[in-house]
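Chain naming here is simple, since letters A, B, ... match the order of the sequence lines and numbering starts at 1 in each. Everything numeric here is computed off the predicted structure, so don't read it as measured data.
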Amino acid sequence: MQYELKHEVYVNLKSIWLFYIVFWYLEINMLDSLKNSWKATVIKAVNKLYGLNETDINMTNPPKSEMGDIAFPLFPFSKSARKAPQIIASEVMNEILSSEHPEGEMNTAGAYLNVALNIHSIYLPLLEKVRTEGFLYGRGESLKGKKIMLEFSCPNTNKPLHLGHMRNDSLGEAVSRILKANGAEVMKVNLINNRGVHICKSMLAYKVFSNGETPSSTGEKGDHFVGRYYVKFASWQKEMEEKAEKLRNEGHSQEADEIMKNSPEVQAQAMLRAWEEGDEETIKLWKLMNEWTLDGLYESYENMGISFDRYYYESETYKYGKAEILKGLEDGVFFRAEDGSVQIDLKEIGLDKKVLLRKDGTTIYITQDVGTAIRRHEDWPFDRLIYVVASEQQYHFKALFYILKKLGYSWADELYHLSYGMVNLPEGKMKSREGTVVDADDLLESLSALAKEEIISKDRESAVGDVDSVARKIALAALNYYLLQVSPTKDMIFDPKKSISFNGNTGPYLEYMGARISSILRKAETISALKDAEIKPDLLASDDEKSLIKLVSQYPSVVKEAGDEYDPSVIAAYIYEVAKTFSHYYHDNQVADASNIPLSAARLSLVEMILTVMKNAFELLGIPFLESM
RNA sequence: GUCCUAGUAGCUCAGUGGAUAGAGCGACCGCCUCCUAAGCGGUAGGUCGGAGGUUCAACUCCUCUCUGGGACACCA
């Protein structure tokens with residue numbers, strides 16, 4: 001009696017817990033709520049049958065949809081129950097059948113207990129939710145109240161953006177949107193690298209070779225204009241080196257030394273010193289050329305759909321940090337080396353010693369980053385700061401985070417390096433010296449041209465409206481999707497000739513599906529009987545329809561996962577799955593059909609939800625939505 | 001040398017420890033009387049780099065090893 005009472009209480013507690021779980025998941029994902037109630041049911045049955053005390057059980061997806069929607073592999077209980085897993089499966093099924101259980105049909109297949117959910121039971125609430133939330137559908141609150149700062153792009157002001165930057169920009173922008181979609185308050189920051197000897201190189205070349213031409217006099221985009229002089233500098237330097245080499249070979253080593261003593265490199269160094277000393281003429285030229293480049297970069301950002309909430313400029317931030325290091329020195333966090341430089345020993349995290357201040361007291365890269373991080377936290381007290389920077393810099397960030405931690409900033413634990421892989425060409429790394437760098441503007445331009453050709457060849461000019469604008473949006477979709485579908489951490493290979501296609505698993509394919517759905521909905525508008533028709537979920541009984549319902553209901557969890565992982569590719573894979581399934585479905589199923597209103601109404605409601613999900617996912621990935629293409 | 005990363009179809013990439021490893025491209029074969037053929041269907045194509053180990057179960061985790069990429073500046 002006493003035991004039974006206890007058992008009763010236990011079960012009650014459990015169902016309260018269960019209710020809580022169900023309620024929680026209802027908020028995120030209606031399908032998961034059903035799944036989790038099944039999970040709890042199976043756990044309960046297993047515990048009762050074999051006197052166990054399991055709190056969790058493995059739940060997976062069956063390999064084929066006709067086998068059901070969820071699968072419970074029951075191998076693990078074989079040992080404790082001392083029974084073959086196949087027998088356990090049928091015993092568990094019978095046990096569940098003997099009492100109350102969630103809606104759904106069970107079957108066993110070997111050691112697996114499979115459940116086909118009654119997907120229609122969630123349909124109307126799901127439809128209601130998607131309709132009410134609209135463009136907010138999929139948004140969650142897992143990061144509510146969190147202030148997240150995201151640093152990305154960080155271009156140099158001596159050349160235009162290339163494909164590598166585009167991956168960075170695409171990723172940074174997408175992740176920031178995904179974090180926002182999970183409820184975070186996001187601050188996108190860009191650190192402009194407008195200072196240093198590399199900047200002086202383009203300035204010097206301009207000074208020597210320009211004859212006073214400007215972007216407006218040549219009609220060039222500012223960043224390309226400046227970039228041209230950066231390239232010019234490199235060839236100039238090379239020319240001088242070759243000249244010196246030749247002289248040396250001819251026995252004129254003195255003349256050779258003379259040339260190298262005043263080589264472009266040396267002159268650029270001198271220019272940097274002039275800049276740092278505040279030389280008026282140098283600063284004036286620097287400002288002018290910076291402006292040209294930035295105008296160009298801003299234009300590229302706009303074309304790519306990238307924006308920032310705040311800009312930091314290295315010409316300012318390079319001053320931050322020195323005081324922090326000196327304070328750290330006083331506090332004994334750092335030490336002064338024999339030569340007078342300030343250093344830190346990073347052996348605690350398996351790294352070498354690192355210099356933080358040169359012996360002459362000047363700062364280096366990492367010193368600036370220390371100062372900038374501190375400054376940023378003062379500017380906007382973030383809960384997390386994510387640096388979107390290529391994987392090459394893992395060492396740097398490991399050291400940086402450690403240093404900040406050592407300086408006593410507790411928020412150092414919340415710094416995160418979102419390290420992404422390189423974009424390589426089939427023949428290897430992009431090298432500016434070999435002219436193999438894929439320019440961002442050029443790439444967008446040529447993709448737009450290809451898209452335009454496609455539109456014209458399909459005779460869709462009148463249907464799409466503004467051909468150039470649509471072509472541009474198709475190009476953007478191709479590029480963003482291409483860059484985001486790959487897991488961020490991985491290196492990727494970009495083949496300019498083959499990789500960007502408009503067919504298959506691509507951005508334009510997704511846009512096309514969106515356009516086709518829009519087209520269906522336009523047609524449905526003309527069938528007035530559809531407007532007030534009752535929606536009967538049971539009519540959506542095909543495999544594709546069930547898959548699509550499941551997919552729609554899963555969207556919020558996908559957004560959450562992408563947010564947890566900082567990984568837009570999760571959304572890319574998901575939305576491709578949606579598009580593909582839909583594409584297969586509507587190929588052989590008429591949606592807007594005046595001759596069968598009930599079926600048509602049900603299908604339309606499903607298609608309407610798919611469209612909402614697509615639009616919302618597109619938004620997160622930077623894929624423009626097109627009504628028609 | 002040390003550390004980090006990756007290795008899955010010809011190519012580019014997916015793949016929460018669970019059933020027969022998936023897409024796209026490329027190749028080959030079909031499909032426009034129907035809401036856009038930037039589409040749909042089909043065929044061919046795999047010792048998941050290799051060897052051990054853990055596990056009822058390994059592409060997935062661990063160790064070793066081979067190969068590629070990256071890092072290990074008083075450059076940024």
Which is true for [X] with a 4.0 Å heavy-atom rule: it touches a base, it touches only sugar-phosphate, or it touches nothing?
X	value
A/S628	base
A/V591	base
A/A111	nothing
A/F502	base
A/Y509	sugar-phosphate
A/R522	nothing
A/E392	sugar-phosphate
A/A71	base
A/L521	nothing
A/I455	base
A/E314	sugar-phosphate
A/P62	base

task: Check whether any side-chain N or O of A/K523 sits under 3.5 Å from a backbone N or O of A/A592 as a donor-acceptor pair, and report yes or no.
output: yes
- line: Exactly one of A/I364, A/T362, A/L326 clears side chain to side chain contact (heavy atoms under 4.5 Å, CB included) with A/L357, and that residue is A/L326
Expressed in angstrom and rounded to an integer, what is the separation of [X] atom [atom1] from [N] atom [atom2]?
X	N	atom1	atom2	value
A/W275	B/A76	CH2	C1'	13 Å
A/L113	B/A19	CG	C1'	14 Å
A/Q393	B/C72	CD	P	9 Å
A/N58	B/A19	CG	C1'	13 Å
A/F72	B/A57	CZ	P	23 Å
A/Y586	B/C31	OH	P	19 Å
A/E565	B/A14	CD	P	14 Å
A/Q394	B/A6	CD	C1'	12 Å

Does a nitrogen or oxygen in the side chain of [X] sit under 4.0 Å from OP1 or OP2 of [N]?
X	N	answer
A/Y420	B/A6	no
A/K580	B/G24	yes
A/Y512	B/A38	yes
A/K490	B/A14	yes
A/R516	B/A37	yes
A/K353	B/C72	no
A/N503	B/G39	yes
A/S583	B/C40	yes
A/T60	B/G17	no
A/H584	B/G41	yes
A/K79	B/C56	yes

Applying the Watson-Crick and G-U wobble criteria at under 3.5 Å, what pairs with [N]? Answer none if nothing qualifies.
N	result
B/C3	B/G70
B/U43	B/A27
B/U55	none
B/U16	none
B/C64	B/G50

query: Which atoms form the tightest heavy-atom contact between A/L548 and A/F582, and what is the distance?
result: CD2-N, 3.9 Å
Donor-acceptor pair under 3.5 Å, A/N114 side chain vs B/A19 base: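 Yes, a donor-acceptor pair under 3.5 Å.
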query: Can a donor-acceptor pair under 3.5 Å be found between the side-chain atoms of A/D491 and the base atoms of B/G69?
result: no
Can you tell me, in whole Å, how much space there is between the [atom1] of [N] and that of [M]?
N	M	atom1	result
B/G18	B/A27	C1'	35 Å
B/U16	B/C31	P	39 Å
B/G49	B/G68	C1'	11 Å
B/U54	B/C62	C1'	7 Å
B/G26	B/U12	C1'	11 Å
B/A9	B/G42	P	22 Å
B/C32	B/A37	C1'	7 Å
B/G24	B/U5	P	32 Å

query: Are A/R603 and A/E545 within salt-bridge range, i.e. N to O under 4.0 Å?
result: yes
Of the options [options], whose atoms approach the side-chain atoms of [X] most closely?
X	options	value
A/I520	B/A19, B/C35, B/G39	B/C35
A/N61	B/U16, B/C35, B/G24	B/U16
A/N505	B/A38, B/A23, B/A76	B/A23
A/Y576	B/G39, B/C13, B/G24	B/G24

task: Identify, between A/F494 and A/V197, the residue whose nearest nucleotide on RNA chain B lies closer to the 5' end.
output: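 Looking at RNA chain B, the more 5' nearest nucleotide goes with A/F494.
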statement: Nearest-nucleotide check on RNA chain B, A/V355 vs A/A451; residue mapping nearer the 5' end is A/A451
query: Which distance, rounded to the nearest 0.5 Å, do you find between the CE of A/M67 and the OG1 of A/T108?
result: 10.0 Å
message: Within this structure, what is the NE2-CG distance for the pair A/H162 and A/N168, rounded to the nearest 0.5 Å?
response: 10.0 Å
field: Given A/Y387, A/F397, A/F401, A/Y566, the one that forms ring pair (Phe, Tyr, Trp, His ring centres under 6.0 Å) with A/Y416
entry: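 Of the listed residues A/Y387, A/F397, A/F401, A/Y566, the ring pair (Phe, Tyr, Trp, His ring centres under 6.0 Å) partner of A/Y416 is A/Y566.
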Ring geometry between A/W275 and A/Y318 (parallel below 30°, tilted from 30 to 60°, perpendicular above 60°):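 It falls in the tilted class, 30° to 60°.
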message: Would B/C31 be called syn or anti here, given the cut-off of 90° from 0?
response: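 Nucleotide B/C31 adopts anti.
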Greater than 12 external heavy atoms within 6.0 Å of A/K531's NZ: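 Yes - once you tally the heavy atoms of other residues, nucleotides and ligands closer than 6.0 Å, there are more than 12.
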- request: For atom NZ of A/K473, decide whether the heavy atoms of other residues, nucleotides or ligands shown that lie under 6.0 angstrom number more than 12.
  value: no
